[in-house]
2 protein chains.
Amino acid sequence: MGNSTTTVDEFVERFCLAVRERGLRLTNQRIAVVRRFFQQGHHVTVDRLYQLVLKEHPQIGYATVYRTLKLLVECSLAQTHQFDQNRVCFELYEEHEHHDHLICIECSKIIEFEHEEIERLQDTVAEAHDFVLTTHRMELYGVCSDCQKKS
Amino acid sequence: MGNSTTTVDEFVERFCLAVRERGLRLTNQRIAVVRRFFQQGHHVTVDRLYQLVLKEHPQIGYATVYRTLKLLVECSLAQTHQFDQNRVCFELYEEHEHHDHLICIECSKIIEFEHEEIERLQDTVAEAHDFVLTTHRMELYGVCSDCQKKS
DNA sequence: CTGATTGCAAACCGTTTGCATATCA
DNA sequence: TGATATGCAAACGGTTTGCAATCAG
């Protein structure tokens, strides 16, 4: 469902602007992919999104979905994550709204969280090693409460 | 160079024990791979290790290196990391010695660090979401001091 | 001896690309 | 109309596996 402060239409509009800015073209396929990407929620693989778009756009090719997601990343509207060794995940990118992930190793549920204190400490670590930080990733793996009950 | 508290021979010995425990067999190839893995230092890809072992063991196959590293992971003597979308990295695994990584996006240099305070805060986050934590990863990406000077 | 291991080559599988055709601007 | 985008199918590249030959125990 995207997030609480943006609607699908706003998101698509942002995409359209970014596309025009680059002298690229708007196509039905691109809009369909972008729309579904936003509606689907935060984390999605190319394959999953391809399956979803296929339902309403039976002609679409996998490569188009792949290339549109790549374009979204270039436009800073999406970002990638690699939670396992195989597939890459795409999610919304929102400036000034960095978050990290709690991942259930049983059901693959992904919960997002923010923690300013940790971010601050990360900066300290980087400073101590003379690094100029550009980005970071933090993933906590464990068993969620639902899965704890099951076993 | 492995680490300060273990020698190559001790490491190989630990591997031999683990192998016997499992009713598996010790071969020259396995020992050569394990030795080089330890001597090489912390982070290494299958391909890189294959190249290294090849020099002293021209007959060895890529698959053997791959399978030996996998075996090391099963024996809790190595662990994997995925710093980029392509290759998997292997490094020593040492119980009770968790560390995280600072990675230079220019020269790919990897610096390890530990930070108890952050670890503690991570536990807090997990608790707050009713997660039982099993592991985590934290990677800070930036430009190291050497590369800052260059540009 | 005999079952585990090796080395080779091929299969796998997600990702990426070349290209002829279709489409947007 | 002309450059961009699409869909297909094939290439890529790291990983994994089947299999006959080899070897450790």
Side-chain angles (χ1 to χ4, degrees), chain A residues 12 15-36 43-75 78-90 108, chain B residues 12 15-36 43-75 78-90 108:
Chain A
V12 173
F15 173 70
C16 293
L17 281 174
V19 162
R20 287 201 203 95
E21 243 171 48
R22 272 150 239 261
L24 301 177
R25 292 177 182 171
L26 280 173
T27 62
N28 294 334
Q29 289 94 323
R30 279 182 176 167
I31 290 174
V33 170
V34 169
R35 203 169 196 83
R36 259 269 162 270
H43 304 91
V44 71
T45 59
V46 182
D47 191 60
R48 172 102 183 94
L49 192 57
Y50 169 62
Q51 298 300 337
L52 288 171
V53 178
L54 211 51
K55 289 179 191 167
E56 55 201 26
H57 221 294
Q59 289 314 311
I60 203 153
Y62 183 93
T64 300
V65 177
Y66 165 78
R67 286 187 274 226
T68 303
L69 281 170
K70 206 173 163 187
L71 180 55
L72 275 171
V73 172
E74 281 168 30
C75 299
Q79 65 188 130
T80 58
H81 276 287
Q82 183 127 23
F83 295 124
D84 60 77
Q85 325 255 102
N86 313 318
R87 310 173 123 81
V88 169
C89 259
F90 290 78
S108 299
Chain B
V12 173
F15 174 69
C16 292
L17 281 173
V19 162
R20 288 201 203 93
E21 244 172 47
R22 273 150 237 261
L24 301 176
R25 290 174 184 175
L26 280 174
T27 61
N28 294 333
Q29 290 95 323
R30 279 183 175 167
I31 290 174
V33 170
V34 169
R35 203 169 197 85
R36 260 268 162 270
H43 304 92
V44 72
T45 59
V46 182
D47 191 60
R48 172 102 182 93
L49 192 56
Y50 170 63
Q51 297 300 337
L52 288 172
V53 178
L54 211 52
K55 289 179 192 168
E56 56 200 23
H57 222 293
Q59 289 314 311
I60 203 153
Y62 182 93
T64 300
V65 177
Y66 165 78
R67 286 188 275 227
T68 304
L69 281 169
K70 206 174 164 187
L71 180 55
L72 274 171
V73 173
E74 279 167 31
C75 298
Q79 65 187 130
T80 59
H81 277 286
Q82 184 127 21
F83 295 122
D84 61 77
Q85 326 255 101
N86 313 318
R87 311 173 122 80
V88 169
C89 260
F90 289 79
S108 298

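Just so it is clear: chains get the letters A, B, ... in the order the sequence lines come, proteins before strands, and each one is counted from 1. Not measured: the values here are computed from a predicted model.
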Of the options C:dA25, D:dT6, C:dT16, whose atoms approach the side-chain atoms of A:Q29 most closely? D:dT6
Among the nucleotides C:dA4, C:dT15, D:dC8, which one has an atom lying closest to any side-chain atom of A:Q59? D:dC8
Measure the distance from [atom1] on [X] to [atom2] on [N] and round it to the nearest whole Å.
X     : N      : atom1 : atom2 : value
B:L69 : C:dT5  : CG    : P     : 16 Å
B:R30 : D:dC23 : CZ    : P     : 15 Å
B:E21 : C:dA4  : CD    : P     : 18 Å
B:N86 : C:dC13 : CG    : C1'   : 14 Å
A:R67 : D:dT4  : CZ    : P     : 14 Å
B:L26 : C:dA4  : CG    : C1'   : 12 Å
B:L54 : C:dT6  : CG    : P     : 15 Å
B:Y50 : C:dC8  : OH    : C1'   : 10 Å

Under-4.0 Å side-chain N/O to phosphate OP1/OP2 contact, [X] with [N]:
X     : N      : answer
B:T27 : C:dT6  : yes
B:K70 : D:dT17 : yes
A:Y66 : C:dT15 : no

With nearest nucleotide decided by heavy atoms, which residue, B:Y62 or B:R25, maps closer to the 5′ end of DNA chain C? B:R25
Could you check B:R20 against B:V46 and say which one's nearest nucleotide on DNA chain D is further toward the 5' end? B:V46
Before giving the answer on ring-ring contact (aromatic ring centres under 6.0 Å, His included), spell out for B:F83 and B:H43 the whole-Å C-alpha distance, their side-chain angles and the decisive distance to 0.1 Å. CA-CA 10 Å; B:F83 295 122; B:H43 304 92; 5.8 Å; yes
Verify side chain to side chain contact (heavy atoms under 4.5 Å, CB included) between A:L24 and A:R30, making sure each step is shown before the conclusion. CA-CA 11 Å; A:L24 301 177; A:R30 279 182 176 167; 4.0 Å; yes
State plainly whether the residues B:E74 and B:R22 are in salt-bridge range, i.e. N to O under 4.0 Å. no
The test is side chain to side chain contact (heavy atoms under 4.5 Å, CB included); show your working for A:V33 and A:I60 and say whether it passes. CA-CA 9 Å; A:V33 170; A:I60 203 153; 3.8 Å; yes
Can you tell me if CZ on A:R35 sees more than 12 non-hydrogen neighbours from other groups inside 6.0 Å? yes
